[in-house]
Amino acid sequence: MAKRIDISDLNIYYGDFRAVADVTVSIEPRSVTALIGPSGCGKSTFLRSINRMHEVLPGARVEGKVSMDGQDLYGPDVDPVDVRRQIGMVFQRPNPFPTMSIYDNVAAGIRLNARKMKKSDLDALVERSLQGANLWREVRDRLNRPASGLSGGQQQRLCIARAIAVEPDVLLMDEPASALDPISTLAIEDLMTEMKERFTIVIVTHNMQQAARVSEQTGFFNLSAAGQPGRLIEFNSTEKIFSNPDEKATEDYISGRFG
Amino acid sequence: MTTTNAPQTQPPRAVRRLGDRLFAGSARGAGVLILLVLAGVAAFLVIDAVPALVAPAREVPGGRGVLPYVGPLLFGTVLAAAIALVVATPLGVAIALFLTHYAPRRLATGLAYVVDLLAAIPSIVYGFWGIVWLAPRLVPFYRWTEAHLGFLPFFAGPASVTGKTMFTAGLVLAVMVLPIITAISREVFAQVPTLHREAALALGATRWEMIRMAVLPYGRSGIIGGAMLGLGRALGETLAIALVLSVSAGTVTFNLISSTNPSTIAANIALQFPESSGIDVNTLIASGLALFLVTLAVNVIARAVVNRRADFSGAN
């Protein structure tokens, strides 16, 4: 089930360095929210703080509140492992497990969650997930071959299949198409449009056309100078951001008059 | 049909710089040299072992021929090395995992240094430690195992009163090969790409599940490689075994806690060689040939195990 995410007064740190400052935003369920902005502005850091992947790095921490349908994700008794089981993530570079087959990659998350599953049920779920990622027809006859034998675009769709196999509430995508060719990129974008019926999708992208094509809401991150924290400058409907943004900085960025 | 001049149809040769040619030549020379040395050692072993192999059985030490002489030694060698690997491999992998994934960075750096230092301690020191410190302290343990686990052939007894047993020897070897296995495992575990570790964590894996999904499969060939290097040291170890193990010639037994043990090939050569001459020396060399072949076989098998799932190694 897609869920809504509310973030208030979020500050994200790497050790003593504040990378992202004072973000307050609500992310709607069953829609695609795009985050744009120049490199180093904290978009990816912000994204990784939603499923508590940020704190995997030594010294990284977060202040503020992130909640999903009212459930505080940073509550004192919340296990980050449980958060990550509800909020899936797709990374910039395709990262299927190279030591596993295609089938095992898709089943990896399920095997973590519920060990006891009948083989036939698992087969069905793997097929359903691969179909959901538009990959089934290409790999159906080589499910037991290593995932590293697939092309980059196929690997990224495999990662999407792996992420959606566990039926997360939210799917985070960190520049999922930036390492792919235009045809694979189109496949991923079409997939996002299909998947938003079932998940809340948040995508970080450097490609503004992509943000305009796939998203309903867009957030623009920027930083005033190097060494300063990134801030959420504007958050609006994608249509408004790309036609008549409220902030001058947003307009400068999307029209290329940046800096 | 032969021409001394270069034929005119030959394709133009690529320009090669002097530096490239020198480097390629010296690298090739080094490669060839290694093969020559190896072939030389093998040839020496075979040629000098032949007189013992063809000699009448009663002239060989022990009086029953080469195979009955070398067999128990080979058995002892493999048994001691096997004990060492069974103990040291899981421990080494566990230490490497602790160093790379659990220990705070400062502690990990220090500990890794200590582990590397352990690898540099000469084996005679381990031997002394084994005989003076470890062996006496294991005697009560041997008595206990004889009393309570005596139904297993490994602990049949009678328990040694000095502690100079096969089990002690195996443990000393384990301590010696532990740093090798640890150092190599740590190296490969540290090379697991962040991408793969984060893939597991983002799926909701705990740290241990992440290690099982991403780290151990990726490091598999490194673990095997480290264990094989350790096995090489354990098979060839001489002084520590010669000090620690109380031997009876020609014994073949799985009883690990008695004072009647087979010797190992390397220790036996070290102990017997000074007093040997003629056919005795050839027999010792024949046992050396057996050790050489076993080491070769172990490496071939290990390589086959690593290659069997090369497609899934993550190296492609």
Side-chain angles (χ1 to χ4, degrees), chain A residues 47-48 50-59 79-102 104-115 142 144-150 155 158-159 162-166 168 171-174 179, chain B residues 93 96-112 185 187-225 305-316:
Chain A
L47 191 76
R48 288 167 61 94
I50 297 177
N51 70 340
R52 299 190 64 170
M53 277 300 285
H54 173 65
E55 65 203 68
V56 167
L57 302 168
D79 185 347
V81 166
D82 293 331
V83 173
R84 292 176 202 137
R85 288 183 184 183
Q86 296 172 68
I87 306 181
M89 189 162 201
V90 175
F91 294 82
Q92 179 174 2
R93 294 215 356 243
N95 59 354
F97 297 115
T99 53
M100 292 186 195
S101 67
I102 293 168
D104 289 338
N105 261 282
V106 181
I110 305 153
R111 290 187 172 136
L112 285 179
N113 283 307
R115 291 278 146 71
R142 48 172 170 158
N144 291 317
R145 295 299 302 149
S148 47
L150 299 174
Q155 288 190 15
L158 178 63
C159 292
R162 181 176 67 188
I164 62 178
V166 294
L171 196 57
L172 309 176
M173 304 176 99
D174 188 358
Chain B
V93 170
L97 281 178
F98 174 73
L99 290 177
T100 50
H101 287 90
Y102 288 92
R105 182 158 303 169
R106 196 173 303 172
L107 178 66
T109 320
L111 269 179
S185 302
E187 205 69 24
V188 291
F189 293 162
Q191 282 169 7
V192 176
T194 312
L195 271 175
H196 299 154
R197 288 190 279 122
E198 291 197 335
L201 290 175
L203 275 178
T206 62
R207 198 187 306 216
W208 170 235
E209 286 167 336
M210 180 271 282
I211 285 171
R212 277 204 331 234
M213 281 173 106
V215 177
L216 288 180
Y218 188 90
R220 189 168 161 275
S221 58
I223 296 171
I224 295 176
V305 170
V306 171
N307 283 345
R308 199 160 46 92
R309 279 171 58 91
D311 286 356
F312 289 87
S313 72
N316 41 0

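By convention in this document, chain letters (A, B, ...) are assigned in the order of the sequence lines, proteins followed by strands, and residues within each chain are numbered from 1.
To the nearest 0.5 angstrom, Leu216(B) atom CG is 10.0 Å from Thr99(A) atom OG1. The structure places CZ of Arg212(B) at 11.5 Å from CZ of Arg111(A), a figure rounded to the nearest 0.5 Å. A distance of 10.0 Å separates CZ in Arg93(A) from OG1 in Thr194(B), rounded to the nearest 0.5 Å.
The nearest pair of heavy atoms linking Ala108(A) to Leu203(B) is CB-CD1, 4.1 Å. Of all heavy-atom pairs spanning Ala205(B) and Val81(A), the tightest one is O-CG2, 3.8 Å. Residues Met213(B) and Met100(A) come closest through the heavy atom pair O-CE, 3.8 Å.
For chain B, no part of Leu172(A) is nearby; none of its heavy atoms comes within less than 4.5 Å. Neither the backbone nor the side chain of Arg197(B) comes within less than 4.5 Å of any heavy atom of chain A. With a 4.5 Å cut-off on non-hydrogen atoms, Pro58(A) touches chain B through its side chain but not through its backbone.
Scanning for salt bridge (charged side-chain N to carboxylate O under 4.0 Å, His left out) contacts around Arg84(A) gives an empty result, with sequence neighbours left out. Residues passing the ring pair (Phe, Tyr, Trp, His ring centres under 6.0 Å) test with His54(A), sequence neighbours excluded: Tyr14(A).
In this structure, Glu198(B) pairs ionically with Arg48(A), as a charged nitrogen and a carboxylate oxygen lie closer than 4.0 Å.
At least one donor-acceptor pair closer than 3.5 Å links the side chain of Asn95(A) to the backbone N or O of Leu195(B).
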